[in-house]
Protein chains: 2
Amino acid sequence: MENYKLASVKPSVAEFKVGVDNVIFSVDTQHNRLLILLVKRYKEPYANYFSLPGTLVRVGESLEAAADRTLSEKIEVENLYLEQLYTFGEPGRDPRDQKNNQDQRYLSVSYFALVRYEDTNLITTGNRKAVWHLLKETPQLAFDHNRILDYGYQRLRNKLEYSPIAFKVLPEAFTLNDLYQFYTTVLGEHFSDYSNFRARLLKLGFLTDTGLKVSRGAGRPATLYRFDEDAFALLKDKPLVFI
Amino acid sequence: MENYKLASVKPSVAEFKVGVDNVIFSVDTQHNRLLILLVKRYKEPYANYFSLPGTLVRVGESLEAAADRTLSEKIEVENLYLEQLYTFGEPGRDPRDQKNNQDQRYLSVSYFALVRYEDTNLITTGNRKAVWHLLKETPQLAFDHNRILDYGYQRLRNKLEYSPIAFKVLPEAFTLNDLYQFYTTVLGEHFSDYSNFRARLLKLGFLTDTGLKVSRGAGRPATLYRFDEDAFALLKDKPLVFI
DNA sequence: CCAAAAGTGTTACAAGTACACCCATGT
DNA sequence: ACATGGGTGTACTTGTAACACTTTTGG
């Protein structure tokens with residue numbers, strides 16, 4: 001209302017560039033390590049800091065396409081899960097906001113991704129090569145990326161408990177122990193008793209026995225299971241907790 | 001990589017205006033009606049269509065501040081819950097994307113709000129006055145706002161099941177029936193047996209008896225309860241389902 | 001034969017579901 | 001007194017948590 005009294009004080013609309021920043025997780029099941037993809041910045045601001053892989057959205061490009069592009073520029077991966085995370089946009093979150101142009105703002109739409117570690121191929125050419133980092137040893141990141149990462153990690157844990165994203169990222173055939181290790185590395189050692197985890201998962205009925213067995217050194221060979229999309233679809237309405 | 005071969009084909013970064021669109025819900029407990037706040041557009045594009053209340057983010061303004069501003073321009077409300085919903089930004093989602101300027105994009109960061117119906121005061125001056133609509137009878141909205149609304153409604157239902165937002169929006173003192181009605185109008189008639197709902201809520205221990213009773217016509221007077229923040233804080237880690 | 005890994009079973013308890021029933025008030 | 005809305009109790013089923021146990025392999 002009061003904005004229209006004087007044309008000269010009518011507040012002006014901000015101009016934005018929109019960045020997409022990706023929180024890309026991967027689980028190295030062999031070594032029980034939860035990994036996060038980071039890139040080292042080579043120019044200001046925050047030169048020599050690590051940051052989340054990101055890019056500015058281009059003309060004619062959708063947000064998700066920008067997220068996908070970042071992924072494919074850094075790693076070659078076939079199997080992944082991708083979803084939007086959160087949008088950060090306070091004035092001043094990017095130092096470039098202040099610099100030359102008072103009206104130029106930078107907004108970050110963050111995306112969350114979980115990729116299959118085994119068939120991930122890091123692209124090491126170019127001057128912004130990406131590397132896997134242990135999540136536990138994440139350094140101080142550029143911009144507000146530590147905050148974005150925290151948010152992404154929270155989402156990862158929630159998603160794992162309430163939806164079947166693990167199966168997008170495990171091998172086609174996997175043992176129940178593989179699955180358990182996967183959950184353990186993300187959610188921590190004591191998220192559930194193995195025996196109860198087994199029982200719950202098998203009772204749900206969307207894991208089908210492939211008939212194949214795999215032997216890992218000594219001990220009884222493990223049954224290989226496969227995720228059955230169709231069987232899962234039948235229960236998609238009900239809670240489904242893996243705790 | 002290939003972007004650097006020819007400077008002339010280097011893809012260019014898009015310029016954005018950022019809009020904030022609000023999905024504002026309110027529950028009229030007296031009449032068991034779930035309401036959504038809409039405004040009628042008076043100019044192109046989509047003149048005379050209803051749309052979600054929104055605004056463009058101004059210089060120096062945060063996203064959440066813009067959401068708050070929209071709320072306070074349309075309604076006067078003291079008690080509310082507000083959180084970010086999702087960001088929509090495909091090229092072409094706003095007809096203005098194409099129009100004059102090929103590079104100008106419009107991005108929408110949507111916010112979800114739940115406000116207390118009783119102390120809400122619609123501002124009816126100005127040419128974009130807001131009105132409550134029955135959610136069930138939502139008309140076709142401008143832009144992609146029906147999609148945003150659907151997304152917001154989903155979030156409302158989830159939030160109600162897993163977090164105590166209802167108490168931000170109910171009167172200070174309320175009966176268990178008020179609470180039950182609230183849940184019923186949002187989640188549908190058969191979301192839970194009243195007796196079991198009562199038992200579950202009371203067992204959780206964050207509803208404290210005010211000692212006051214209220215009589216609604218015939219029948220036994222109902223106990224007024226109050227939400228105890230501190231008692232609730234103690235259980236904030238564990239699931240908490242109101243189903 | 002024994003250690004290691006996989007897989008099964010048991011038991012005690014907590015929570016969820018569907019009811020039937022009792023209580024306090026206005027007319 | 002009885003209809004009306006508020007509130008309690010119970011019996012049954014299901015889920016959870018902790019743990020002991022059996023099976024099948026390699027060395």
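First the proteins, then the strands, lettered A, B, ... as listed; each starts at 1.
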When you look at A/Leu85 and A/Glu83, which way does the side chain to side chain contact (heavy atoms under 4.5 Å, CB included) test go after all the steps?
CA-CA 6 Å; A/Leu85 196 55; A/Glu83 75 169 27; 5.5 Å; no
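Using bins of under 30°, 30° to 60° and over 60° for the plane-to-plane angle, the ring pair B/Phe206/B/Phe232 lands in the perpendicular bin. The aromatic rings of A/Phe191 and A/Phe197 sit perpendicular, their planes meeting at an angle over 60°, well past the 30° parallel limit.
We find that NE2 of B/His190 is positioned 15 Å from P of C/dT17, with the value rounded to whole Å. Atom OH in A/Tyr194 sits about 15 Å away from atom C1' in D/dC21, given to the nearest Å. One atom, CZ of B/Arg216, and another, C1' of D/dA3, lie 19 Å apart when rounded to the nearest Å. When rounded to the nearest whole Å, the span between CZ of A/Phe197 and P of C/dA6 equals 13 Å. Atom CG of B/Leu224 and atom P of D/dG5 are 17 Å apart (whole Å). The nearest whole Å value for the distance from the CG atom in A/Leu201 to the P atom in C/dG7 is 13 Å. Atom CG in B/Leu176 sits about 17 Å away from atom P in D/dG5, given to the nearest Å. The distance between atom CG of A/Asp209 and atom C1' of C/dG7, rounded to the nearest whole Å, is 12 Å.
Looking at B/Ser195, its side chain comes within 3.5 Å of the base of D/dG9 through a donor and an acceptor atom. Counting atom types as modelled, A/Thr223 pairs no side-chain N or O with a base atom of C/dG7 as donor and acceptor under 3.5 Å.
Nearest to the side-chain atoms of A/Lys203 among the listed nucleotides D/dA17, C/dA18, D/dG15 stands D/dG15. Considering only the side chain of A/Asn196, D/dA18 comes nearest among C/dC19, C/dA6, D/dA18. For A/Arg198, counting side-chain heavy atoms from C-beta on, the closest listed nucleotide (C/dT8, D/dG5, C/dT25) is C/dT8.
Projected onto DNA chain C by closest heavy-atom contact, A/Asp193 and B/Arg220 fall at different nucleotides, the more 5' of which corresponds to A/Asp193. Where A/Arg200 and B/Pro221 meet DNA chain D, the nucleotide closest to each residue was compared, and B/Pro221 sits on the side nearer the 5' end.
Under 4.0 angstrom from either OP1 or OP2 of D/dG6 there lies at least one side-chain N or O belonging to B/Asn177.
A ring-centre distance under 6.0 Å is not found for B/Tyr225 and B/Phe174. The six-membered or imidazole ring of B/Tyr180 lies away from that of B/Phe182, with a centre-to-centre distance of 6.0 Å or more.
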